[in-house]
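Throughout, a chain's letter reflects where its sequence line sits, starting with A, and its residues are numbered from 1.
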There are 2 protein chains.
Amino acid sequence: MSLRIALLGLLAAKGPASGYDLAKLFEGSLNHVWQAGHTQIYPELVRMAADGLLAVEAEGARGRKIYTIADEGSRQLHDWLADREPAVTVRSETALQAFLLPILDTDEAIAAVERVKARAQKRLDDLKCLPPVADNPKFGKYALRLGLAQTRATIEWADETLHALRTK
Amino acid sequence: MSLRIALLGLLAAKGPASGYDLAKLFEGSLNHVWQAGHTQIYPELVRMAADGLLAVEAEGARGRKIYTIADEGSRQLHDWLADREPAVTVRSETALQAFLLPILDTDEAIAAVERVKARAQKRLDDLKCLPPVADNPKFGKYALRLGLAQTRATIEWADETLHALRTK
DNA sequence: GAGCGCATGTAAGCTGTTACATGATTCT
DNA sequence: AGAATCATGTAACAGCTTACATGCGCTC
């Protein structure tokens, strides 16, 4: 379901696009928020068109199809954004490692937390140089700030945890 | 894979337990870190026993099986914790809503962010009264702090975003 | 015309969810 | 005795990943 919303959102932000375009856009903009590869995107677009959420605007060389958002698609996108209570299924390997940290002895635990910190640092850097979505700086702005805030929180947790591990 | 680790970790923390015990423990402790219901846990335990990660210590009334962690299980748990670079597949409906916020007009957007904030607030409260895992306060301590830090970051983001939306 | 990147797709397999099924104990 | 809840499971389906397949268009 959320994959549909993500695709509708990208089409709303960028206008008509092919599956390939959307897959690229996905990677460059939504990646820190939702993930999907082309193998998931292509068939989903077909289903969405069959369900009347998208229209095929044009068909070009080598089967390239340009999709546009249809009225029903806009409607569902808007309704989801305005009404949906977001589901909160957390599945974080990082948090799982944090949970089980006491199983390791101190120096192994320190190494593990250092790894978490390094990753978060890298992510922070990546987020800082994300390009705007379809030259439309509004889109993604709030999600970017949310990502930054949460990543900074992770780094602070790592520092605090390293300190606790080292002074015990 | 991570489900196995979570189950191994709980068995390491708590000692011998049945599938039902583990499902309850999961819900009460790991829920903010990883999710799994009994329909996923029961068959996984059977497979883990078949793979030699667990041993069936006893079989009681109505098919109740008590699992213990086997040496191979301990080994795999330790190796995963010590070596595994945690995968970072983010799939957050909240972040997706944040991403697409500009599609809504201002008052709808404000309402959506208010909802996010209320949920985060509730989660914060829930986290604060989590019981210790199997009377073992070490386990889950670090993950709890990580959850708190990230949830607080979300609340701060919501406040900042509400302010931005209201003064424009 | 050979090689490389572009662009689209299919298929098998794994993970996770929802719905259903069933017998055992405990409570009233 | 009947109802609730404990405890274990199965089956169908939805969502996602990995691996494979293929053909077009451009460049050298």
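Near DNA chain D, meaning a heavy atom under 4.0 Å from it, residues 16-34 of chain B has Ser18(B), Gly19(B), Tyr20(B) in order of number. For DNA chain D, the neighbouring residues in residues 81-90 of chain B, judged by any heavy atom under 4.0 Å, are Thr89(B). The stretch residues 4-14 of chain B does not touch DNA chain C, since none of its heavy atoms comes less than 4.0 Å from the strand.
Between Met1(A) atom CE and dG16(C) atom C1' there is a gap of 18 Å when expressed in whole angstrom units. To the nearest angstrom, C1' of dA7(C) lies 12 Å from NZ of Lys65(A).
Using a 3.5 Å distance cut-off with no hydrogens or angles, the side chains of Glu93(B) and Ser2(A) do pair a donor with an acceptor. At a cut-off of 3.5 Å, with distance as the only test, a side-chain donor of Ser18(B) or Asp21(B) sits close to an acceptor on the other residue.
Comparing dT8(D), dG9(D), dT8(C) by their nearest atom to the side chain of Arg64(A) picks out dT8(C). In the set dT8(D), dT10(C), dT8(C), the nucleotide with an atom closest to the side chain of Pro43(A) is dT10(C).
Expressed to the nearest 0.5 Å, how far CD of Glu85(A) lies from CD of Gln97(B) amounts to 8.0 Å.
Heavy atoms from other residues, nucleotides or ligands lying under 6.0 Å from CD of Glu57(A) number more than 12.
Heavy-atom minimum distance, Phe26(B) versus Trp34(B): CE2-O, 3.5 Å.
Checked against salt bridge (Lys or Arg N to Asp or Glu O under 4.0 Å), Arg145(B) has the following partners two or more places apart in sequence or in another chain: Glu160(A). The salt bridge (Lys or Arg N to Asp or Glu O under 4.0 Å) test applied to Lys117(A) returns Asp159(A), not counting sequence neighbours. A search for side-chain hydrogen bond (donor to acceptor under 3.5 Å, both in side chains) contacts involving His78(A) returns Glu108(B), not counting sequence neighbours. Arg4(A) pairs by the salt bridge (Lys or Arg N to Asp or Glu O under 4.0 Å) definition with Glu44(A), Asp51(A), not counting sequence neighbours. With sequence neighbours excluded, the residues forming a salt bridge (Lys or Arg N to Asp or Glu O under 4.0 Å) with Lys122(A) are Asp126(A), listed by chain and number.
One finds no side-chain N or O of Arg91(B) lying less than 4.0 angstrom from the OP1 or OP2 phosphate oxygen of dG16(C). The side chain of Tyr42(A) contributes an N or O atom lying less than 4.0 Å from OP1 or OP2 of dT8(C).
Hydrophobic cluster membership for Tyr20(A): Tyr42(A) (Ile, Leu, Val, Met, Phe, Trp, Tyr linked by side-chain heavy atoms under 4.5 Å, directly or transitively). Members clustered with Leu144(B): Leu124(B), Leu127(B), Leu130(B), Leu148(B), Ile155(B), by chain and number, using a 4.5 Å side-chain heavy-atom cutoff among hydrophobic residues.
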What pairs of nitrogen or oxygen atoms, one from the protein and one from nucleotides 18-22 of chain D, lie under 3.5 Å apart?
{"from": "dT18(D)", "atom 1": "O4", "to": "Thr39(A)", "atom 2": "OG1", "distance (Å)": "3.1"}

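A salt bridge between Asp71(B) and Arg75(B) is absent, with no side-chain N of the basic residue lying under 4.0 Å from a carboxylate O of the acidic one.
Fit an axis to the five pairs at each end of the helix from dG1(C)-dC28(D) to dT28(C)-dA1(D) and the two axes sit 10° apart, to the nearest 10 degrees.
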